Each structure stands twice: as structure tokens, then as C-alpha cells.
S.K.: 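Below you will find the structure I want to go over with you.
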Amino acid sequence: MANSKYEYVKNFEADDRLPPSNWIVIRIDGVHFHRFSSIHEFEKPNDSAALHLMNSCASAMLKHFPDIVFAYGISDEYSFVLSEKSDFYQRRSSKNVSLFVSYFTSAYVTKWKEFFPNYDLKELPYFDGRAVCYPKVKVVRDYLAWRQVDCHINNQYNTCFWMLVKSGKTKREAQLRLKGTQTKEKNEILLQQFGINYDELPEMFKKGSCVFRNKVEEIVKRDESGNSVKRRKNIVTIDHVDIIGPKFWDEHPYILHEDRSMVNNNYGYVKKFEADDGLPPSNWIVVQIHSCDFYRFSSRHEFEKPNDSNALYLMNSCATSLLEKFPEIIFAYGVSDEYSFVLSEESKFCKRQASEIVSSFVSYFGSAYVMKWKEFLPDRDLKEVPYFKGRAVCCPKAKIVRDYLAWKQFDCHISNQYNTCFWMLVKSGKTETEAHLCLKDTQEKEKNEMLFCQFGINYNKLPEMFKKGSCVFRNKVEEIVKLDEGGISVKRCNEIVTVDHVDIIGPRFWDEHPYILHED
Ligand code: GTP
Ligand code: MG
């Protein structure tokens, strides 16, 4: 099926490769094991057979997947650490996670009878999983320490809890008894009420289980003089040791060994750090740009409140420049200090890489803003540089683009109405706090009445640009190029970038310009 016209659908598959030179931890966790453990009558709080079964599956994992350097398990969860150098399935997160849960689950079912010879599996066990990246060995160790501390805290609580329940308390009573108790107090309850010395409980319950490759020396044969010939071997080992302190790691330095070597003086691998941020195909792209610190910028340049026409004309002129420069922009909508640019669903601009598209737009817009400043605000010097932030949003349907734009226009109306009232109140002598209080909870109608009665302003007669914001788009206009011999005009359709302040919430504008958001 190579190169078929359907191949484009491949682009929908997101690239989920995990960043290189990071340790990967895949943690899997039994789904609904609360129920699973009670159906299969696991002992409370710890069922040795169930834990040994988990450990045996983890051990099978280390034997099967050489990229796993360490595993740590408690209760129904297991964490698998992959080396920072691992290139297993090109580090694709979903592949790794799915393989791990799948292999682990199969092992669990296969080995069940070995650990529970007298119990049939009454329902299928299954696990969920996730991958997390840790850039340094220190963070991996802190992660494992966190899990081991959790193991200790849960185990101590659960041991007390179930002893109290077994001694006749209800679950509620047991919970209340343990509420707010510290480690020491719990140990005392165990010792005094039940004669249990917490420290003497099995290490597996207190410390969880570590699975790793232990380097052991093995006698392979004896030479002629009877001396033993040894070989170092990696044996997958299960142990229940402290991994919070340094001792275990000092004794097994090769497990989480940070790689400082450089392969063949080859620096090319750093390229892999560049994340692919390609936006999905067949989606409309909306790039929203927004001025940074505009409140300060507008005060320093004494913009009129609430709307400075010249500042808005400047914004519109910059947006027009963008449409003229980038044919892939099919529509733009601006209000106040922000502008949204719509790219067609088929656009291949910058290979749809979000950061490239967004940065090109904010940069070009910023340039235009500075260049055109004097044209729109000739009596003012630019006292500081304006700058804009931007982001890209994907809309899978034309309808969603329209709803996005309608939302923006609706917002424009609401803010404009509020701000017009607010600044009229302030100009009439109220403090800003008083003005806010005056407007609190007022409805649209009330605001219009206030404007009319107190200030003689008819809101509906305010400039369309203030009330509706600005739309920038290509208008198709017919132009008479020449007259033919019979005197009949020969026309040509021209596209002119146009700024207008029209309603884009209702269907009218879109019906009149069906080519703008035309769904392919
Ligand atoms: P999800 O993981 O969100 O699907 O829920 P879950 O029911 O699996 O709970 P969670 O993973 O938070 O906790 C694991 C649960 O498994 C514990 O609360 C126990 O109910 C049960 N469990 C795990 N190990 C043992 C065990 O050795 N004995 C008993 N009796 N129960 C266990
Ligand atoms: Mg679980």
C-alpha cells in the first residue's frame, strides 16, 4: 500500500517518543485489585503468595527485557526502570507501556496455578501502566525511595488496621483509632495489644521487593592443577532491602550507572532532543497572539480608555500585513491587544510544526507593530518595545473554528460594554473601586441604561470596531480588466485583504463568504 492516496492518515499517529538520555520508569498497577484480591480471598493486609506471584512475573520481565535494569514492587504495583541509553522501540511510550503490561499480565495468568494451586482464577486480572522520564540518577533513586516510603507507611497502617478488625473492632472504629497516630504509636498498639514486634515482620511486607541483576562469580570448571576457573554471571535476583539509603546502590554501582562516555565523538544524538511538535493534519489551526504586559504598555503610551482607535488601527494594519505575507492565513480576528489567525485545514505551513508557526507569526507581527507605530501614532514615541506571546489551537471541524471566533466576538462585546461603563464612571469622578462596585452583577440592559441616562451615550451607536472587533480576510472582488471587441467587459476575480467589523456569530457573514472556511 506504499504511496497510496490514503497514506496521509498515517500523519494522525502522534509521535510519542520519550526524550533521550532520560531514565524511563514504567509503573504498572493492578486495575480494581481491591475487588480482585477479595474475590480470590487474599490474606489481609499482605498475601505472601500474591506478592511472590508479582515478584515472579517481575523476574520474568527482567529475564525477557534486557533494557530493564531494576524493578521495584509493592502491593499490586511494579515499577520498571529502563536505562537512559535504552532505545527499545525507539523509546516510544505507548509501545513500551503496552508491551510491559501485556507481558506482565500474561505471566501473571500463566503462573497463577504455581502460586495458588487451590484457587481457580475467577476473573481476569489486568494492569494499567504509564511511562515517566527522569533525567538524573538522583531523581530515579528519589522516585524509588518515594515508593519504598509509601510501602512502609501503608504496611504499618494496614497491619494495625487489620489486627484491630480481626480483634473485633468495626472498620470504622479501627479507622478512628488510627486517625492521626504516628509511627511510634502504631508500633506500640501492635506490641501491646497484639504482641507483634513490627520490626520482626517479613522484610517483603516492610520493604517491598527489588528485582535486579546480581553479578555473581560462578565456578565453571577446574584447571589441570585443580584451581577453579570462575566466570562472572548476571543472575536475576529478588531481594527485600533498603533502597532509600546509599548502601544498596554503593554495593551495586552498575545498576544505575550514569553514562559519561561519548560514543565515537559523535554529538549527533543531541538532535534527538528536538521534540516534534507537529500539529495533527486535517485540522484548522488557530494561532492566537496576545500582547505581554499590555496594561503597562498602554498606560506608558497613554492609550485612550477603554478603546484607543489608533492603537486598534495599528493592530489591524499588522494583521493585514500578516495576511498579505502568509497566504496560508485565511481569516483573522482581533480585539483589544490580541489577534487570532486561522490557517486552513490543509495548510502545510512550516510542516505544521506548532513552535515554528507561532514564532513566525508573533515575530512578524511584532516587527510590523514597531515599523508602523509612527504611521498610526505620529505624536508619540515608542518608549518600550512591545512583545507578544502566542499559541496554536487545533480545530478538527470548520464549525469549531466558527464557534471559537463567535466566543471571541462575544467576549469583545461583553468586555467593551463593561469597560465603556467603567471608564465613563471613573471619568465622572468615581474611584476605580467604586466603579467596579457600581457595575457588579449588572445585566446588559442595565449597563446600556446607565450609559444612556447618566452619560447620554447610545451603546448601539458606538463604533462597530469597538463593539464587534476586527475581521481581516480576503474579499473576492470582480475587476473589469478590459472590454472585448463587442464592447463586453472582461472581468477578473481579485482577492483583496479587507478589514471589516461585522457580526461573525450569526451565519450571514459565512454564507456570504463561503470560500473562507470551506470544508474540504
Ligand atoms: P485501581 O488501581 O485504581 O484500579 O484500584 P485498585 O482497587 O487496584 O486499588 P489500588 O491500586 O489503589 O490498591 C491496591 C489494592 O489491592 C489494595 O487496596 C488492596 O485492596 C489490594 N491488594 C493488593 N495487595 C494485596 C494483598 O496482598 N492482600 C490483600 N488482601 N489485598 C491486596
Ligand atoms: Mg491497583
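These numbers come from a predicted model, not from an experiment. Order of listing sets the numbers, starting from 1, for every ligand and every atom in it. Residue indices begin at 1 and follow the sequence shown.
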S.K.: Will you find, in the side chains of Glu41 and Tyr119, an N or O donor that is under 3.5 Å from an N or O acceptor?
M.R.: yes
S.K.: For atom 10 (P) of ligand 1, state which one of Asn158, Asp76, Leu51, Ile74 supplies the nearest heavy atom.
M.R.: Asp76
S.K.: Any idea how Phe116 and Phe42 line up, ring-wise: parallel (<30°), tilted (30 to 60°), or perpendicular (>60°)?
M.R.: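 The arrangement is parallel - the two ring planes meet at less than 30°.
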S.K.: State the atoms of ligand 1, each with its element, that fall below the 4.0 Å cut-off from a heavy-atom position in Asn46.
M.R.: 27 (O)
S.K.: Closest N/O/S atom of Asp76 to the Mg ion (ligand 2), by atom name?
M.R.: OD2
S.K.: What atoms of ligand 1 come within less than 4.0 Å of a heavy atom belonging to Lys44?
M.R.: 30 (N)
S.K.: What's the shortest distance from atom 15 (C) of ligand 1 to any protein heavy atom, and which residue and atom give it?
M.R.: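 Sorting protein heavy atoms by distance from atom 15 (C) of ligand 1 puts His34 N, 4.0 Å first.
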S.K.: Is any heavy atom of the protein nearer than 4.0 Å to atom 3 (O) of ligand 1?
M.R.: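 When distances to the protein are checked, atom 3 (O) of ligand 1 has no heavy atom within 4.0 Å.
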S.K.: Tell me which N, O or S atom of Asp29 sits nearest to the Mg ion (ligand 2).
M.R.: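 Atom name of the closest N, O or S in Asp29: OD1.
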S.K.: Do other residues, nucleotides or ligands put more than 12 heavy atoms under 6.0 Å from Phe194 CZ?
M.R.: yes
S.K.: For the Mg ion (ligand 2), decide whether Gly30 has an N, O or S atom at a distance under 2.8 Å.
M.R.: yes
S.K.: Checking contacts now, so for atom 12 (O) of ligand 1, which I'm interested in, is there any protein heavy atom under 4.0 Å?
M.R.: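 Flag for atom 12 (O) of ligand 1 set to false, no protein heavy atom closer than 4.0 Å.
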S.K.: What residue and atom, counting heavy atoms only, is the protein's closest point to atom 6 (P) of ligand 1, and at what distance?
M.R.: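 Its nearest protein heavy-atom neighbour is Phe33 N, 3.4 Å.
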S.K.: Ala50 near ligand 1, heavy-atom distance under 4.0 Å?
M.R.: no
S.K.: Taking the inter-plane angle between the rings of Phe410 and His413 on a 0 to 90° scale, is it parallel (under 30°), tilted (30 to 60°) or perpendicular (over 60°)?
M.R.: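 Tilted.
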S.K.: Which bit of Glu43 is near ligand 1, meaning a heavy atom under 4.0 Å away: side chain, backbone, both or neither?
M.R.: backbone
S.K.: Centroid separation under 6.0 Å, is that true for the rings of Phe349 and Phe361?
M.R.: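 Between Phe361 and Phe349, the centre distance is under 6.0 Å.
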S.K.: As a quick check of understanding, evaluate side-chain contact (heavy atoms from CB on, under 4.5 Å) for Val342 and Ile285, giving each step before the final call.
M.R.: CA-CA 6 Å; Val342 183; Ile285 300 170; over 6 Å; no
S.K.: Could Lys247 and Glu251 be called an ion pair, given the rule that one side-chain N must be under 4.0 Å from one carboxylate O?
M.R.: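 Looking at Lys247 and Glu251, the cut-off is met.
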S.K.: Give the atoms of ligand 1, by number and element, whose distance to some non-hydrogen atom of Val31 is under 4.0 Å.
M.R.: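 The atoms of ligand 1 under 4.0 Å from a heavy atom of Val31 are 4 (O).
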S.K.: Would you check if there is a donor-acceptor pair between the side chains of Gln288 and Tyr404 at a distance under 3.5 Å?
M.R.: yes
S.K.: Note the single closest protein heavy atom to atom 17 (C) of ligand 1, along with its residue, its atom name and the distance in Å.
M.R.: Ser75 OG, 4.4 Å
S.K.: Looking only at protein heavy atoms, which one is nearest to atom 27 (O) of ligand 1, and how far off is it?
M.R.: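 Answer, as residue, atom name and distance: Asp47 N, 2.9 Å.
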S.K.: Backbone or side chain, does Asp128 get an N/O/S atom under 2.8 Å to the Mg ion (ligand 2)?
M.R.: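 Asp128 does not place any N, O or S atom closer than 2.8 Å to the Mg ion (ligand 2).
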S.K.: Between Arg213 and Thr237, is any pair of side-chain heavy atoms under 4.5 Å apart?
M.R.: no
S.K.: Counting non-hydrogen protein atoms only, what is the nearest one to atom 5 (O) of ligand 1? Give residue, atom name and distance.
M.R.: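 In this structure, atom 5 (O) of ligand 1 has His32 N, 3.8 Å as its nearest protein heavy atom.
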S.K.: Do Asn22 and Lys136 have side-chain heavy atoms sitting under 4.5 Å apart?
M.R.: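 A side-chain contact under 4.5 Å is absent here.
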S.K.: Would you kindly specify which portion of Asp29 sits under 4.0 Å from ligand 1, judged on non-hydrogen atoms: side chain, backbone, both or neither?
M.R.: side chain
S.K.: Does at least one non-hydrogen atom of Pro45 fall below 4.0 angstrom from an atom of ligand 1?
M.R.: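 Yes; Pro45 lies near enough to ligand 1 that a heavy-atom distance drops under 4.0 Å.
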S.K.: Check whether any N, O or S atom of Glu77 sits under 2.8 Å from the Mg ion (ligand 2).
M.R.: no
S.K.: Relative to the ring of Phe70, is the ring of Trp249 parallel (under 30°), tilted (30 to 60°) or perpendicular (over 60°)?
M.R.: tilted
S.K.: Under a 4.0 Å threshold between the charged nitrogen and the carboxylate oxygen, would Glu217 count as salt-bridged to Lys233?
M.R.: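 Between Glu217 and Lys233 there is no salt bridge, as every charged N stays at least 4.0 Å from the carboxylate O atoms.
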